[in-house]
Amino acid sequence: MVRLTDAQVVAAAATDRLVNVVSAPGSGKTTVAAERYGYQRFSHGDLRGVIGLTFNRAAAAELGRRVRARWGSNCIVPPHRVVTFDHLHIDLLTFFLRQGKVSWPQGAVDLDVRDDYRGMRGHRFLQSGGYLRVAGLDKRANVISTSRRVTSPQMGIGNVDDHRAALSAGVSSHDDVREVLRAAMKVKGLREAAANWLSDNYRALIVDEVYDADDLDLMVVYLAAEAGLSVTIIGDPWQALYKWRGARPEVVEELLTSTTDRFSTYDQPESFRFRGAQMPQLARDLRAGRGVELPAVSSAEVDVALARNWSQLWSGGDNVLPLAFRTVNNAIDAAMKLLLDVITRTRLGVESYGRDGSIAKLGLSRERFRAEQDVEFGPLVLKLREGDPPSSILDGLREAARRMGARRPSRLSDDKEAALEQQLTMLATRLNQPTLIPGLTVFQAKGREWDRVGVVLSRSQSAILSSGLREHEEEHCIIYVALTRAKSACGRLTDSEGVAADALPLNL
């Protein structure tokens, strides 16, 4: 049976139409979301749906699991749903297409929406200064291919003909769905149609982790609020991490004051995560903006290592096995990621981060890869552990990728090859450790908890921590989330190379 605090009960059963639940780390955000969902689901005779919204599939699955466990499997049956914002955006765009309010190339109505355009012609690595093709709307609400200058290297389609071919085939990325809807929301008639669609289909909307929302997500929430739906937003401004992918935590504050009716705020200050002496006081100090000095710890004393990016984690201790080396920029990076995957699955029981993207980057058949990965890469792992030269391992890795059906990854410049060999040397060191702990970026760790946490901080991050954190500041939020993943103890891992993250790329 779920035991709720008085504050949780009051928030979950609030009679206000617009509710803002502010939850500290470990205070049970998802528990409150599930309770609020059930309360909304069964408290009205209105036949319209109740929809729970999250920002990724794992979070949606967890919220759905919590709702079913608490309220029964009949709680989530059409028209009642728990889905991601991406899923809702697809539904809204599909409504526009079926009603003829927006026209897709070749008259497509039911789209094949993918995470990205991997596997499509023209999908490649785009350098800064080039152009990325993105979907948009012309003045007649026809979906077209437009261009945007690339400000930092990324994967995408840069050729207009290739992008048009994908769109004409009825294929879209989630990003392009969002781009089309952003353009649509600037058109008064389409914006009103979206509000009416929300009102026709739903009577209540619950958003978990609202501070992860981008401008489009928050526009949908605003339209729902103005259309008369009951809207509940749940989150913590101290844990707003995703500005790099478009999250707009500052717009949440605008939302709270811009609706015709005002949101009622319900604070959830009690944490069920922290225990012992250190963590409750540390959490209070961080939220109060007081300067903090973390105790130094060895990686042998903690259960997980956290850092802003993957590069830092590789210097956090020889028993720390990060789930990635860096962002995958080319074929050999992808092959390295898949070699690492053999080790993370064997030693930690988890896949390497970005595994499926690396399979796609190499153009491999997923079924064939899964059947042959251990056979092809397993011997390389053994050779690496036994001390074979990294250059030999790289050659073997290229040949293994070729045998599985990929084009043989090209040799890079001497300095890049040396960097790859250094990565393999660090991996070999870990293969000879009796026990390993996972290394995760803060972005992968959000929403999770461990008993003992070690963090790798740069000099600039340490300075920020010493002077006191402030909410809504991106770097401050990253530090805050990292430190509050611990239940009983959190310490600073010694960075053996004295790495300053300021000089490192943001490798998510």
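Quick note: residue numbers are just sequence positions, from 1. Here the structure is a predicted model, which is why all the values come from computation and not from measurement.
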*Asks:* Hey, are Arg355 and Thr344 close enough side-chain-wise for a donor-acceptor pair under 3.5 Å?
*Replies:*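 No pair is found: no donor N or O on one side chain lies under 3.5 Å from an acceptor on the other.
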
*Asks:* Taking side chain as C-beta onward, heavy atoms only, is Leu420 less than 4.5 Å from Met336?
*Replies:*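 Sidechains of Met336 and Leu420: in contact.
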
*Asks:* Indicate yes or no: at least one non-hydrogen side-chain atom of Leu282 is less than 4.5 angstrom from one of Leu294.
*Replies:*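 When only atoms from C-beta onward are counted, Leu294 and Leu282 do touch, with a gap below 4.5 Å.
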
*Asks:* Can you tell me how far apart CG (Leu53) and CG (Leu205) are? Round to the nearest 0.5 Å.
*Replies:*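 It comes to 4.5 Å.
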
*Asks:* Which of these passes side-chain contact (heavy atoms from CB on, under 4.5 Å) with Lys446: Thr484, Val481, Thr441?
*Replies:*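 Result: among Thr484, Val481, Thr441, Val481 is the only option passing the side-chain contact (heavy atoms from CB on, under 4.5 Å) with Lys446.
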
*Asks:* Under 3.5 Å, side-chain donor or acceptor atoms of residues 151-161 against the rest of the protein: list the pairs with distances, not counting sequence neighbours.
*Replies:*
unit_1, atom_1, unit_2, atom_2, d
Asn159, OD1, Asp161, N, 2.9
Asn159, OD1, Asp162, N, 3.0

*Asks:* Going by the rule side chain to side chain donor-acceptor pair (under 3.5 Å), which residues pair with Arg57 if we only count those two or more places apart in sequence or in a different chain?
*Replies:*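 Applying side chain to side chain donor-acceptor pair (under 3.5 Å) to Arg57 gives Asp115.
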
*Asks:* Please determine, by modelled atom types, if Ser145 and Arg133 share a side-chain donor-acceptor pair under 3.5 angstrom.
*Replies:*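 Side chains of Ser145 and Arg133: pair found under 3.5 Å.
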
*Asks:* Using 4.0 Å as the upper bound for N to carboxylate O, is an ion pair formed by Arg81 and Asp91?
*Replies:*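 Arg81 and Asp91: salt-bridged.
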
*Asks:* Show your working on side chain to side chain contact (heavy atoms under 4.5 Å, CB included) between Val143 and Leu137 and close with a plain yes or no.
*Replies:* CA-CA 5 Å; Val143 174; Leu137 287 182; 3.8 Å; yes

*Asks:* Can you list every salt bridge (charged side-chain N to carboxylate O under 4.0 Å, His left out) pair that touches residues 378-398, not counting sequence neighbours?
*Replies:*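 Qualifying pairs: Arg398-Glu417.
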
*Asks:* With heavy-atom distances below 4.5 Å as the criterion, would you say the side chains of Phe377 and Leu338 are in contact?
*Replies:*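 Result yes, sub-4.5 Å side-chain heavy-atom pair found.
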
*Asks:* Show every ring-ring contact (aromatic ring centres under 6.0 Å, His included) that has at least one partner inside residues 142-182, sequence neighbours left out.
*Replies:*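 Every pair satisfying ring-ring contact (aromatic ring centres under 6.0 Å, His included) with a residue in residues 142-182: Tyr117-His163.
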
*Asks:* Using a distance-only test with no angle check, is there a side-chain donor-acceptor pair under 3.5 angstrom linking Gln278 and Ser488?
*Replies:*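 Judged by distance alone, the side chains do not pair up.
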
*Asks:* Would Val302 and Trp450 count as a side chain to side chain contact (heavy atoms under 4.5 Å, CB included) here? Give the steps.
*Replies:* CA-CA 9 Å; Val302 298; Trp450 295 265; over 6 Å; no

*Asks:* Closest approach of Ser299 and Gly316, non-hydrogen atoms and distance?
*Replies:*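 Looking at all heavy atoms of both residues, the closest pair is CB-O, 3.6 Å.
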
*Asks:* Which heavy atom of Trp314 sits nearest to which heavy atom of Leu427, and what is that distance?
*Replies:*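 Taking every non-hydrogen atom into account, CH2-CD1, 4.1 Å.
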
*Asks:* In terms of side-chain heavy atoms, does Ser173 have a donor or acceptor partner in Asp175 at a distance below 3.5 Å?
*Replies:*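 Checked: Ser173/Asp175 side chains show no N/O donor-acceptor pair below 3.5 Å.
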
*Asks:* Counting distance only, does the side-chain N/O of Asp374 pair as donor-acceptor with the main-chain N or O of Gly378 below 3.5 Å?
*Replies:*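 Absent.
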
*Asks:* If you define the side chain from C-beta out and look only at heavy atoms, does anything of Asp303 sit under 4.5 Å from Ile437?
*Replies:*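 They are not in contact (no side-chain heavy atoms under 4.5 Å apart), so the answer is no.
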
*Asks:* Do the ring planes of Trp310 and Tyr353 sit parallel (below 30°), tilted (30 to 60°) or perpendicular (above 60°)?
*Replies:*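 Trp310 and Tyr353: tilted rings.
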
*Asks:* Could you go through Lys29 and Asp208, starting from their C-alpha distance and side-chain angles, then the distance that decides it, and tell me whether this counts as side chain to side chain contact (heavy atoms under 4.5 Å, CB included)?
*Replies:* CA-CA 7 Å; Lys29 283 191 289 294; Asp208 198 10; 4.0 Å; yes

*Asks:* Taking only Lys NZ, Arg NE, NH1 and NH2, and the carboxylate oxygens of Asp or Glu, determine whether Lys337 and Asp341 approach each other closer than 4.0 Å.
*Replies:*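 Salt bridge flag = no for Asp341 with Lys337.
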
*Asks:* Kindly write out the residues that satisfy side-chain contact (heavy atoms from CB on, under 4.5 Å) with Val251, not counting sequence neighbours, or none if the list is empty.
*Replies:*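 Partners of Val251 under the side-chain contact (heavy atoms from CB on, under 4.5 Å) test: Leu218, Arg248, Glu254.
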
*Asks:* Per the side-chain contact (heavy atoms from CB on, under 4.5 Å) rule, which among Arg452, Glu449, Met279 passes with Lys487?
*Replies:*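 By the side-chain contact (heavy atoms from CB on, under 4.5 Å) criterion, Lys487 pairs with just one of Arg452, Glu449, Met279: Glu449.
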
*Asks:* Could you tell me which non-hydrogen atom of Gln239 sits nearest to which non-hydrogen atom of Asp212, and how far apart they are?
*Replies:*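 Shortest heavy-atom separation between Gln239 and Asp212 comes out as O-OD1, 4.2 Å.
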
*Asks:* Restricting to non-hydrogen atoms, name the atom on Leu132 and the atom on Val150 that form the minimum distance, rounded to 0.1 Å.
*Replies:*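 Closest approach of Leu132 to Val150: N-CG2, 3.8 Å.
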
*Asks:* Tell me, do Asn309 and Gln312 make a side-chain contact under 4.5 Å, heavy atoms counted?
*Replies:*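 Asn309 reaches Gln312 side chain to side chain.
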
*Asks:* What distance separates Gln461 CD from Ser458 OG, expressed to the nearest 0.5 Å?
*Replies:*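 Nearest 0.5 Å value for the CD-OG distance: 3.5 Å.
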
*Asks:* Please determine whether a side-chain nitrogen of the Lys or Arg among Asp333 and Lys416 lies less than 4.0 Å from a carboxylate oxygen of the Asp or Glu.
*Replies:*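 No, Asp333 and Lys416 are not salt-bridged.
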
*Asks:* For a 4.5 angstrom cut-off between non-hydrogen side-chain atoms, does Val297 reach Leu493?
*Replies:*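 Answer yes - side chains close enough.
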
*Asks:* What pairs with Asp112 under salt bridge (charged side-chain N to carboxylate O under 4.0 Å, His left out), at least two apart in sequence or on another chain?
*Replies:*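 So Asp112 forms a salt bridge (charged side-chain N to carboxylate O under 4.0 Å, His left out) with Arg114.
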
*Asks:* Whether the side chain of Ser103 engages the backbone of Asn142 through a donor-acceptor N/O pair (distance < 3.5 Å, no angle test) should be reported.
*Replies:*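 Not a single qualifying donor-acceptor pair exists.
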
*Asks:* Suppose we screen for side chain to side chain donor-acceptor pair (under 3.5 Å). Which residues come up paired with Arg178, at least two apart in sequence or across chains?
*Replies:*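 Here the qualifying residues are Asp86, Asp214, Asp217.
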
*Asks:* Nearest 0.5 Å, please: how far is CD1 in Ile332 from OG in Ser410?
*Replies:*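 Ser410 OG to Ile332 CD1: 9.5 Å, rounded to 0.5 Å.
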
*Asks:* Applying salt bridge (charged side-chain N to carboxylate O under 4.0 Å, His left out), name anything that partners Asp318, two or more places apart in sequence or on another chain.
*Replies:*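 Salt bridge (charged side-chain N to carboxylate O under 4.0 Å, His left out) list for Asp318, sorted by chain: empty.
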
*Asks:* Taking Arg430 for the side chain and Asn319 for the main chain, is one N or O donor matched with an acceptor at less than 3.5 Å?
*Replies:*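 Side chain of Arg430 to backbone of Asn319, a donor-acceptor pair under 3.5 Å: no, none is there.
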
*Asks:* Shortest non-hydrogen contact from Arg121 to Ala165?
*Replies:*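 Here Arg121 and Ala165 meet closest at NH2-CB, 3.6 Å.
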
*Asks:* Could you list the residues that satisfy side-chain contact (heavy atoms from CB on, under 4.5 Å) with Ala283, not counting sequence neighbours?
*Replies:*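 Applying side-chain contact (heavy atoms from CB on, under 4.5 Å) to Ala283 gives Phe274.
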
*Asks:* Mind checking ring-ring contact (aromatic ring centres under 6.0 Å, His included) for His89 and listing every partner two or more places apart, or none if nothing turns up?
*Replies:*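 Listed in chain order: Phe85.
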
*Asks:* Verify side chain to side chain contact (heavy atoms under 4.5 Å, CB included) between Glu471 and Arg287, making sure each step is shown before the conclusion.
*Replies:* CA-CA 8 Å; Glu471 68 177 32; Arg287 254 181 135 83; 6.0 Å; no

*Asks:* With rounding to the nearest 0.5 Å, note down the distance linking CD in Glu62 to CG in Asn56.
*Replies:*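 With rounding to 0.5 Å, CD (Glu62) is 11.0 Å from CG (Asn56).
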
*Asks:* Does some side-chain heavy atom of Arg326 sit less than 4.5 Å from a side-chain heavy atom of Gln423?
*Replies:*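 Sidechains of Arg326 and Gln423: in contact.
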
*Asks:* Examine distances only and state if a side-chain atom of Ser73 and a backbone atom of Arg68 form a donor-acceptor pair shorter than 3.5 Å.
*Replies:*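 Looks like no, no N/O pair under 3.5 Å.
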
*Asks:* More than 12 foreign heavy atoms under 6.0 Å from CZ of Arg148: is that the case here?
*Replies:*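 Counting other residues, nucleotides and ligands, CZ of Arg148 stays at 12 neighbours or fewer.
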
*Asks:* Suppose we screen for salt bridge (charged side-chain N to carboxylate O under 4.0 Å, His left out). Which residues come up paired with Arg408, at least two apart in sequence or across chains?
*Replies:*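 Arg408 satisfies salt bridge (charged side-chain N to carboxylate O under 4.0 Å, His left out) with Glu399 only.
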
*Asks:* So, do Arg448 and Leu440 sit near enough that their side-chain heavy atoms are less than 4.5 Å apart?
*Replies:*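 In short, these two side chains touch, coming nearer than 4.5 Å.
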
*Asks:* Quick one: salt bridge (charged side-chain N to carboxylate O under 4.0 Å, His left out) partners of Arg124, sequence neighbours excluded?
*Replies:*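 So Arg124 forms no salt bridge (charged side-chain N to carboxylate O under 4.0 Å, His left out) with any residue.
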
*Asks:* Are the aromatic ring centres of Trp238 and Tyr211 under 6.0 angstrom apart?
*Replies:*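 Between Trp238 and Tyr211, the centre distance exceeds or equals 6.0 Å.
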
*Asks:* Checking salt bridge (charged side-chain N to carboxylate O under 4.0 Å, His left out) for the pair Arg403/Glu372: CA distance, chi angles, key distance, verdict?
*Replies:* CA-CA 10 Å; Arg403 286 193 297 270; Glu372 298 179 5; over 6 Å; no

*Asks:* Would you name the heavy atoms of Val180 and Ala135 that are closest together and state the gap between them?
*Replies:*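 Heavy-atom minimum between the residues: CG2-CB, 3.7 Å.
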
